[in-house]
Peer 1: 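Supplied in structure tokens, the structure appears directly below.
Below, each value reflects all heavy atoms present in this structure, side chains not excepted, and no hydrogens, waters or symmetry copies.
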Amino acid sequence: GTGNDRDMERLADHGNGVYAYIDNRREAMRMLQTNLAGSLQVVAKDVKVQLEFDPEVVESFRLIGYDNRVLEHHEFADDAVDAGDIGSGHFATAYVEYTLRDGIEAGDPRNFVEVRVRYKEPAGDESQLLEFASRVGEGHVTLAEASAPFRFGAAVAEFAEILRGSQFSTDRRF
């Protein structure tokens with residue numbers, strides 16, 4: 001159809017489904033041949049991610065995108081709150097921009113972020129909790145050293161910021 005993305009996303013969310021914009025043969029093959037099995041085979045449902053930055057280490061942070069997916073803090077542990085499903089072979093990427101406080105450098109022994117992930121088994125109703133911590137500079141690479149898919153995603157995120165007139169992209173023009 002010719003519905004807008006917001007309506008299609010809302011319909012897919014309401015029915016725990018997926019949607020795709022198919023505008024050419026290649027995209028049809030990608031969605032209906034390559035990705036169909038993963039869309040039908042859910043491996044984790046109601047997946048939620050929560051980041052808690054150490055305020056002594058991190059001065060500021062922001063999530064880039066997912067504006068319509070942000071939950072209230074108390075909703076993270078509430079199993080009645082609907083969230084995204086992950087299909088077999090699928091993944092989700094979120095970009096978070098952060099600024100370290102003055103004097104904090106790579107190699108600092110402190111954790112700068114606690115990462116919590118909640119998910120339900122495909123047939124389950126009670127979520128499982130996974131927790132991880134990351135130290136300052138741990139796994140850090142420059143943009144030039146990052147993988148090609150990460151760089152492409154970062155470019156798309158930046159372009160979206162430009163298109164929406166974000167205050168964080170005021171110096172960029174196209």
Peer 1: Give, for atom CD of Glu126 and atom NZ of Lys120, the distance between the pair rounded to the nearest 0.5 Å.
Peer 2: 9.5 Å
Peer 1: Please give me the minimum heavy-atom distance between Tyr95 and Pro149, naming the atom from each residue.
Peer 2: OH-O, 4.2 Å
Peer 1: Begin from the C-alpha positions of Asp46 and Asp85 and carry the test side chain to side chain contact (heavy atoms under 4.5 Å, CB included) through to its verdict.
Peer 2: CA-CA 5 Å; Asp46 291 336; Asp85 297 341; 4.2 Å; yes
Peer 1: Report yes if the side chains of Val58 and Thr99 come closer than 4.5 Å at any heavy-atom pair, otherwise no.
Peer 2: no
Peer 1: In sequence, state the C-alpha distance, the side-chain angles, and the governing distance for Arg69 and Leu63, and then conclude on side chain to side chain contact (heavy atoms under 4.5 Å, CB included).
Peer 2: CA-CA 11 Å; Arg69 300 286 190 186; Leu63 175 64; over 6 Å; no
Peer 1: Looking at Ala44 and Pro122, what are the two nearest heavy atoms and their distance?
Peer 2: N-CG, 4.5 Å
Peer 1: Test of understanding: clusters of I, L, V, M, F, W, Y form through side-chain heavy atoms closer than 4.5 Å, transitively. Do Val117 and Tyr66 belong to the same one?
Peer 2: yes
Peer 1: Using side chain to side chain donor-acceptor pair (under 3.5 Å) as the criterion, list what pairs up with Thr142, not counting sequence neighbours.
Peer 2: Glu145
Peer 1: Return the minimal non-hydrogen interatomic distance between Glu75 and Glu72, and the atom names on each side.
Peer 2: OE1-N, 2.6 Å
Peer 1: Is Ile64 reachable from Leu143 through a run of hydrophobic residues whose side-chain heavy atoms are each under 4.5 Å from the next?
Peer 2: yes
Peer 1: Kindly give the cluster partners of Leu71, where membership spreads through any ILVMFWY side chain lying under 4.5 Å from a current member.
Peer 2: Val81
Peer 1: How close do Ala144 and Arg151 get, heavy atom to heavy atom, and via which atoms?
Peer 2: O-NH1, 3.9 Å
Peer 1: To check you understand the geometry: which heavy-atom pair defines the closest contact between Asn111 and Val57, and what is its length?
Peer 2: O-CG2, 4.2 Å
Peer 1: Would Phe132 and Val113 count as a side chain to side chain contact (heavy atoms under 4.5 Å, CB included) if you check the C-alpha gap in whole Å, the side-chain angles of each, and the deciding distance to 0.1 Å?
Peer 2: CA-CA 9 Å; Phe132 309 92; Val113 65; over 6 Å; no
Peer 1: Would you name the heavy atoms of Ser169 and Glu158 that are closest together and state the gap between them?
Peer 2: OG-OE2, 2.9 Å
Peer 1: Roughly how far, to the nearest 0.5 Å, is CZ of Arg116 from CG of Leu130?
Peer 2: 12.0 Å
Peer 1: Consider only side-chain heavy atoms of I, L, V, M, F, W and Y, link residues closer than 4.5 Å, and tell whether Val70 and Val47 are in one cluster.
Peer 2: yes
Peer 1: Any chance you could pull the hydrophobic cluster mates of Leu129, using side-chain heavy atoms under 4.5 angstrom and chaining through other members?
Peer 2: Phe76
Peer 1: Partners of Phe53 by ring pair (Phe, Tyr, Trp, His ring centres under 6.0 Å), sequence neighbours excluded?
Peer 2: Phe61
Peer 1: Below 4.0 angstrom, N of the basic side chain to O of the carboxylate: do Arg101 and Asp108 qualify?
Peer 2: no
Peer 1: Gln50 and side chain to side chain contact (heavy atoms under 4.5 Å, CB included): which single residue from Arg118, Glu131, His73 fits?
Peer 2: His73
Peer 1: Is Val156 isolated, or which residues cluster with it under the ILVMFWY side-chain rule of less than 4.5 Å, directly or via members?
Peer 2: Phe152
Peer 1: Quick one: does any side-chain atom of Asp79 pair with a main-chain N or O of Ser127 as donor and acceptor, under 3.5 Å?
Peer 2: yes
Peer 1: By side chain to side chain donor-acceptor pair (under 3.5 Å), which residues pair with Glu56, not counting sequence neighbours?
Peer 2: none
